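Reading through the structure tokens given below for one structure.
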Amino acid sequence: MSAIGDQAYLRDVAAEKLPAPAERTGVIGWLRENLLSSPTNIVLTLACIVVIAWVVPPLVRFFLVDAVWSGADRDACLASPLQTQPGACWAFMRIWFSYFVYGFYPLAERWRVDVFFVALAFGIVWLAWLSAPRRDLGGLYFFVVLPILSFVLLHGAPLIGLPVVPTSLWGGILVTVVVATIGMVFSLPLGILLALGRNSEMPVTKAAAVGFIEFVRGVPLITVLFMASVMLPLFVPERFAPDKLVRALIGVALFASAYMAEVVRGGLAAVPRGQYEAARVLGLSYWRMMGLVILPQALRVTLPNIVNTFIGLFKDTTLVFVVGIFDFMRTVEAARADPKWTTPNTTVTAYVFAALFYFVCCYGMSRYARSVEARLTRAGRR
Amino acid sequence: MLQRTLSTRRRLGGVVLQIAIVAAIGGLGYGAAYNAGLNLSRAHIASGFGFWNNTAGFDISQTLIAYSASTSSFGRAFWVGLLNTLLVGAVGIVFATILGFVVGIARLSNNWLVARLAGGYVELVRNVPLLLQLLFWYNAVLKSLPLLHGSMALPGGAILNNRGLFLPRPVFAANFSAVVVVLVGGIICAIGLTVWSRWRHQRTGANVHIFWPSLALIVGLPLIAYAAAGFPLHFNVPQMGRFNVSGGLEILPEFVALALALSVYTAAFIAEVVRAGVLAVSHGQTEAAQALGLRSGQTLRLVVLPQAMRVIVPPLTSQYLNLIKNSSLAVVIGYPDLVQVFAGSVLNITGQAVEVIALTMAVYLAISLFTSLTMNLYIRTVAIPER
């Protein structure tokens with residue numbers, strides 16, 4: 001009995017920690033876990049590798065290695081003894097590049113477009129950077145100052161010495177950006193009004209908002225654009241018939257506002273009822289309650305969705321093509337048909353270039369939306 | 001007292017606002033109608049649907065119903081266009097659903113490479129405008145297919161060249177209807193078998209394997225009937241001629257491009273819908289199913305997907321609607337859909353913009369409203385009863 005104290009069945013010193021088995025950590029562990037965890041997985045992995053090996057090298061060869069980067073006309077991109085299998089014809093894109101950006105905007109006036117791009121970029125950064133100083137001023141700048149400034153810059157004002165450039169000369173990325181921005185600037189306020197109307201208790205207001213939203217969301221954008229470009233001139237006295245670009249802008253803005261309204265409505269629904277009640281108790285009127293308490297919260301919550309709607313709007317701007325406006329897509333289509341550059345690869349190069357432009361813009365915006373969303377989730381968890 | 005004055009004031013404001021809205025809408029409508037009347041009469045354009053029965057006089061490259069430029073009316077052209085829209089919509093929906101579900105589930109695969117490839121597909125396709133993709137498929141892919149003389153022969157006797165896709169056209173003999181009758185009978189019997197086995201399973205817990213009997217009923221019986229009827233189906237295989245492909249079923253390159261672009265584009269959005277739906281099913285469900293010994297395929301099919309469908313179906317329907325609305329892009333490549341035929345050709349010939357555009361919009365609106373009504377009914381049936 002006395003020996004119990006000597007017999008140590010229980011360790012009083014913790015066993016030394018062993019490292020995890022080598023096949024479960026590091027690169028090997030990762031490979032086993034993610035690529036080779038079961039026979040099916042091994043087959044899938046092999047199939048993917050085969051597909052990648054089959055697709056990627058030819059693409060790299062076509063677009064980078066064998067691509068033609070400079071040249072004066074199509075001879076550079078045609079097969080020659082020097083280069084039996086020429087790839088993408090980037091030389092063509094380089095020659096046409098300024099057309100893609102400015103369209104037929106007069107050469108001497110193109111600095112105005114550049115200034116517009118810079119002013120726009122400034123406004124976007126101010127609004128998109130969530131901890132920028134005085135974002136309320138940023139909103140004022142983006143939604144009030146910028147539209148006026150852009151009109152004066154792009155359209156011209158003879159009074160201050162800027163000659164008028166008719167919209168028929170605008171083109172390319174300039175028009176795409178103008179259509180998208182105007183769509184944004186007008187659809188957000190309109191969408192907010194429509195969403196408030198839809199949530200209203202007044203039957204007429206509600207019916208008007210619901211009718212408009214459901215009508216616009218039920219028809220394709222093309223028909224709205226057709227309506228704006230064919231019917232609108234009929235509905236106004238002949239001398240007020242708006243310019244072709246303005247008609248398309250009206251169509252795009254109305255179309256986008258219906259979608260924006262639904263996004264804003266989602267945001268309004270996310271604001272707790274107590275906020276409305278508290279604002280009412282403080283004696284705020286309807287508009288002050290909305291403007292000071294509800295909307296700031298609702299718009300913040302729904303910012304990722306607003307950005308996503310804007311991505312859709314940005315992609316949809318390509319449809320103004322159909323009513324004969326020279327947006328970026330249309331300039332690419334026009335350049336593609338240039339007989340000086342007809343080669344078997346011109347079309348593919350032109351489309352891949354255009355796709356790259358849209359992809360970079362849209363993917364950038366969607367990354368931004370996702371980062372805002374992550375930030376909101378973190379804030380909500382606290 | 002204060003309360004009452006406040007709410008009275010508010011109600012008064014509401015009434016004034018509503019009257020103002022009615023007045024604005026009415027005024028705008030009246031002004032538009034007045035100007036339209038003035039402008040139309042100045043341009044000597046008739047109004048009303050009087051043109052409906054006039055001879056159309058233009059050709060349409062793809063007609064599902066009999067149509068000829070010299071005798072058919074504008075009204076007939078409208079139906080041709082509408083059917084073409086519905087055809088490309090239906091084909092697009094089928095392929096987009098299949099591709100979308102495959103990609104959506106692949107994105108959730110525990111195989112890193114598969115998930116990444118599926119994710120790359122979604123990101124690439126979603127961030128490039130549909131119009132650009134459509135032009136790419138049409139101008140860069142289909143137009144650069146070989147000319148007639150270099151036509152590609154596909155397995156099964158199909159021919160592909162830059163004039164389109166030529167498939168073997170099935171030709172049904174008179175007694176083929178017997179096979180169809182047997183097939184329908186087989187399907188009804190299989191459904192009956194399923195209902196019976198469910199009932200038995202609920203009663204006794206015993207599982208009856210109905211896969212092979214059902215297969216025999218749906219495939220085997222019609223095959224026997226087909227043989228018994230003396231093989232009443234043969235195919236008119238397209239033949240290469242010197243200047244043309246003769247016979248077979250011609251599918252326009254415009255149709256192929258549009259269906260392809262719509263399927264590929266919408267599939268990316270459907271994949272996201274599917275992914276969100278599957279993620280919405282709590283992980284405990286998967287774990288419970290695996291603890292019960294279900295294999296991963298069974299877990300997905302029997303436990304996860306049925307629950308995910310509740311979340312998936314409403315946004316899936318709106319993707320279908322988007323696809324049908326997006327099919328109006330046909331006008332860009334000249335596929336004769338409703339917009340191209342009616343809001344394009346008919347509008348240009350008659351000049352009656354108001355009627356034509358209004359009718360075109362009404363068609364899309366009707367499709368949307370019908371679908372969302374059906375959807376609301378569905379949501380009501382599958383909603384989990386609140387306890």
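Not measured: the values here are computed from a predicted model. Quick note on labels: first sequence line is chain A, next is B, and so on, each numbered from 1.
Each of A/T347, A/L36, A/N41 has some count of heavy-atom pairs under 4.5 Å with chain B, and the biggest count is that of A/N41. Your options are A/W30, A/F357, A/F314, and the one with the most heavy-atom pairs under 4.5 Å with chain B is A/W30. The choice from A/V219, A/I52, A/V352, A/V332 that makes the most heavy-atom pairs within less than 4.5 Å of chain B is A/V219. Counting heavy-atom pairs closer than 4.5 Å to chain A, the top-ranked of the candidates B/L329, B/N326, B/V22 is B/L329. Contact tally against chain A (heavy-atom pairs below 4.5 Å) for B/S372, B/G31, B/A32: the top residue is B/A32. Each of A/C361, A/A208, A/P203 has some count of heavy-atom pairs under 4.5 Å with chain B, and the biggest count is that of A/P203. Among A/T40, A/I49, A/L319, A/V224, the residue with the largest count of heavy-atom pairs under 4.5 Å with chain B is A/L319. Of the residues considered (A/D316, A/T318, A/V230), A/T318 shows the highest number of contacts with chain B, using heavy-atom pairs under 4.5 Å. Interface remark: of the candidates B/P129, B/A115, B/S368, B/P129 forms the most heavy-atom pairs closer than 4.5 Å to chain A. When the candidates B/R116, B/M361, B/Q133 are compared by the number of heavy-atom contacts under 4.5 Å with chain A, B/M361 comes out ahead.
With a threshold of 4.5 angstrom between heavy atoms, B/L117 approaches chain A through side-chain atoms but not through N, CA, C or O. Heavy-atom distances place no part of B/I367 under 4.5 Å from chain A, backbone and side chain included. Proximity to chain A (any heavy atom under 4.5 Å) is restricted, for B/I21, to the side chain, taken from C-beta onward. Neither the backbone nor the side chain of A/V360 comes within less than 4.5 Å of any heavy atom in chain B. Only the backbone of A/P233 comes within contact range of chain B, with heavy atoms under 4.5 Å apart. When heavy atoms are compared at a cutoff of 4.5 Å, B/L130 does not approach chain A at all. Interface remark: B/V331 contributes side-chain atoms only to the contact with chain A (heavy atom separation under 4.5 Å). Only the backbone of A/E214 comes within less than 4.5 Å of a heavy atom of chain B; no side-chain atom from C-beta onward does. Interface residue B/V332: only side-chain heavy atoms are found under 4.5 Å from chain A. Within the 4.5 angstrom heavy-atom criterion, only side-chain atoms of B/T360, from C-beta onward, approach chain A. Proximity to chain A (any heavy atom under 4.5 Å) is shown, for B/R126, by both the backbone and the side chain. Proximity to chain B (any heavy atom under 4.5 Å) is shown, for A/M227, by both the backbone and the side chain.
Minimum heavy-atom separation, B/F136 to A/Y351: CA-CD1, 3.6 Å. Nearest approach of B/S328 to A/P220, heavy atoms of both residues: OG-CB, 3.4 Å. Scanning both residues, A/M231 and B/I357, for their nearest heavy atoms gives SD-CB, 3.5 Å.
Looking at A/L44 and B/L113, their side chains never come closer than 4.5 Å, going by heavy atoms from C-beta outward. Using a 4.5 Å heavy-atom cutoff, the side chains of B/V356 and A/F226 are not in contact.
In this structure, CG in A/L356 is found 12.0 Å from CG in B/N127, a value given to the nearest 0.5 Å. The CG atom of B/L17 lies 5.0 Å from the OG1 atom of A/T205; values are rounded to the nearest 0.5 Å. Between atom CG of residue B/L132 and atom CZ of residue A/F353 there is a gap of 11.5 Å, rounded to the nearest 0.5 Å. Once rounded to the nearest 0.5 Å, the distance linking NZ of A/K315 with CG of B/L131 reads 12.0 Å. A/R217 contributes atom CZ, which lies 9.5 Å from atom CG of B/L321 (distance to the nearest 0.5 angstrom). Summarising the geometry, atom CZ belonging to A/F321 is positioned 5.5 Å from atom CG belonging to B/L135; distances are rounded to the nearest 0.5 Å.
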side-chain contact (heavy atoms from CB on, under 4.5 Å) between B/K325 and A/T223, intermediate numbers included:
CA-CA 10 Å; B/K325 284 188 279 173; A/T223 57; over 6 Å; no

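Other residues, nucleotides and ligands place more than 12 heavy atoms under 6.0 Å from the CD atom of A/E277. Counting heavy atoms of neighbouring residues, nucleotides and ligands inside a 6.0 Å radius, atom CD1 of A/I42 exceeds 12 of them. Surrounding CZ of A/R370 are more than 12 heavy atoms belonging to other residues, nucleotides or ligands, all under 6.0 Å away.
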